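The structure appears right after this line, and notes come after that.
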Amino acid sequence: MEKILNQTDTPNPNDWLNEHGDYLYRFALTRLRDQHLAEDAVQETLLAAIKSSDSFTGKSSARTWLTGILKHKIIDLMRRAQREQPLYDEDPPEEMSEPGMDEFFDDSNHWTEKPSSLGDPARLMEQQEFWQILQGCLDRLPKNLARLFLLREIEEEDNETICKELEISATNAWVMLYRSRMGLRKCMEMHWLKRTSAERSGM
Amino acid sequence: MSCKQASRLASQALDRPLTRRERFAMWLHLSICDPCSQFVAQLRLLRTALQQQLRREEQDESVKLSDSARDTIREKLHQH
């Protein structure tokens, strides 16, 4: 690799680390929700970037190119984490007995606590506290659930692609996404609505 | 259709196209079930909010690689 480091027209990987390291780290941390995994992702990205620096044509910015590599590394790390700690050993049962769902519904399959409005979306999103609570609730989800959920909601990759990349079944993914959404909305109701009603009664 | 089934389908509707039969059953259920309609609204709100939340986290420049992680990575890069 000495050759590359000596070429003046080839970017020095240390420059990549200095200029883009923090950005890549935040990008990874946002999706992996784990400091050490995010650091691993940055390291693996830069190592892969050195190996394939020939493919960096300068057509896109270095940051865009590195982020492209990082996205693949994030998926690799997610797949590994998923394998080490699978949510289910095999496909979950198709019928209603999904674990963790009983708290939401009574014996006749009605809501034990009816979902209620979180408020006017436009106004909510102007409030700093809403974002803090959302971040807190996101971090309270089991990591494997949160990662899949964010990948789905943010990158908007279709479910089939995600399942193939993570080596999980579509049914498994639907159940994990369902659990993530149920968990997140419940947490938001508990913390966001409780806070606004406490504030109201205090006025 | 029960609320439990409806909530599950409402979530799956974000990840796969529902069948015609499922769509009809959902529509029927939502037209008479306020809690499930609220649930659908929550899912929609959270999806929009999460997309913004992640942009915010990505742009939060107070979050940086730790010095120790940076040193470790720099060492690894030198080995190559």
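In this text, all values refer to a predicted model and were calculated from it rather than measured experimentally. Per chain, numbering begins at 1; letters A, B, ... match sequence-line order.
- Panel note: side chain B/Q51, backbone A/E153; a donor-acceptor pair is recorded below 3.5 Å.
- Here the CG atom belonging to A/L177 is positioned 6.0 Å from the OG atom belonging to B/S11, to the nearest 0.5 angstrom.
- Per-residue heavy-atom pair counts under 4.5 Å with chain B were compared for A/N159, A/L29, A/N18, A/L47, and the maximum is reached by A/L47.
- Between B/K76 and A/E44, no side-chain nitrogen of the basic residue sits less than 4.0 Å from a carboxylate oxygen of the acidic one, so the salt-bridge criterion is not met.
- When the candidates A/F149, A/W174, A/W131 are compared by the number of heavy-atom contacts under 4.5 Å with chain B, A/W131 comes out ahead.
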Given A/R152 and B/D15, is the side chain to side chain contact (heavy atoms under 4.5 Å, CB included) satisfied, shown in steps? CA-CA 8 Å; A/R152 180 79 194 94; B/D15 305 309; 2.7 Å; yes
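- With rounding to the nearest 0.5 angstrom, the NZ atom of B/K64 is 14.5 Å from the OH atom of A/Y23.
- B/D34 CG to A/W111 CH2: the interatomic distance, rounded to the nearest 0.5 Å, is 12.0 Å.
- Between chain B and the residues A/M188, A/Q43, A/K114, the largest count of heavy-atom pairs under 4.5 Å involves A/Q43.
- With a 4.5 Å cut-off on non-hydrogen atoms, B/L50 touches chain A through its backbone and its side chain both.
- Taking B/A41, B/C33, B/A49 one by one and counting their heavy-atom pairs under 4.5 Å with chain A, the maximum is reached by B/A49.
- Rounding to the nearest 0.5 Å gives a distance of 14.0 Å between CZ of A/R179 and CZ of B/R8.
- Using a 4.5 Å heavy-atom threshold, the side chains of B/E57 and A/R26 count as separate.
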Using side chain to side chain contact (heavy atoms under 4.5 Å, CB included), reason through B/S66 and A/E39 one step at a time and then give a plain yes or no. CA-CA 9 Å; B/S66 69; A/E39 291 166 358; 3.8 Å; yes
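- Taking CG of A/L46 as the start and CG of B/L77 as the end, the distance is 5.5 Å to the nearest 0.5 Å.
- For chain B, no part of A/L24 is nearby; none of its heavy atoms comes within less than 4.5 Å.
- Residue contact with chain B, scored on non-hydrogen atoms closer than 4.5 Å, involves the backbone of A/S116 exclusively.
- Taking CD of B/Q53 as the reference point, atom CD1 of A/I133 lies at 11.5 Å (rounded to 0.5 Å).
- Of the atoms belonging to B/Q79, not a single heavy atom falls under 4.5 Å from chain A.
- Judged purely by atom type and a 3.5 angstrom limit, B/R16 has no side-chain atom pairing as donor or acceptor with the backbone of A/E160.
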Side chain to side chain contact (heavy atoms under 4.5 Å, CB included) for A/L124 and B/L45? Distances and angles first, verdict last. CA-CA 10 Å; A/L124 283 182; B/L45 169 73; 3.5 Å; yes
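- Shown here is A/E167, whose CD atom has more than 12 heavy atoms of other residues, nucleotides or ligands within 6.0 Å.
- Of all heavy-atom pairs spanning B/S7 and A/M182, the tightest one is OG-CE, 4.2 Å.
- Among the candidates B/R56, B/Q38, B/R74, the residue making the largest number of heavy-atom pairs closer than 4.5 Å to chain A is B/R56.
- Checked for salt-bridge contact, B/R70 and A/D22 meet the test: a charged N lies under 4.0 Å from a carboxylate O.
- Under the rule for a salt bridge (charged side-chain N to carboxylate O under 4.0 Å, His left out), the partners of A/R79 that lie at least two apart in sequence or sit in another chain are A/D76.
- A/Q135 CD: more than 12 foreign heavy atoms inside a 6.0 Å radius.
- With A/R181 contributing its side chain and B/L43 its backbone, the two residues share no donor-acceptor pair below 3.5 Å.
- Enclosure of atom CG in B/D67 is not indicated, since only 12 or fewer non-hydrogen atoms of other residues, nucleotides or ligands lie within 6.0 angstrom.
- Taking both residues in full, the closest heavy atoms of A/P115 and B/P35 are given as CG-O, 3.5 Å, listed atom of the first, atom of the second, then distance.
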Walk me through it: do A/Y178 and B/Q12 pass the test side chain to side chain contact (heavy atoms under 4.5 Å, CB included)? CA-CA 7 Å; A/Y178 178 47; B/Q12 289 191 12; over 6 Å; no
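- Ion pairing between A/R31 and B/E58 holds under the 4.0 Å rule for side-chain N and carboxylate O.
- Heavy atoms of A/E189 lying under 4.5 Å from chain B belong exclusively to its side chain.
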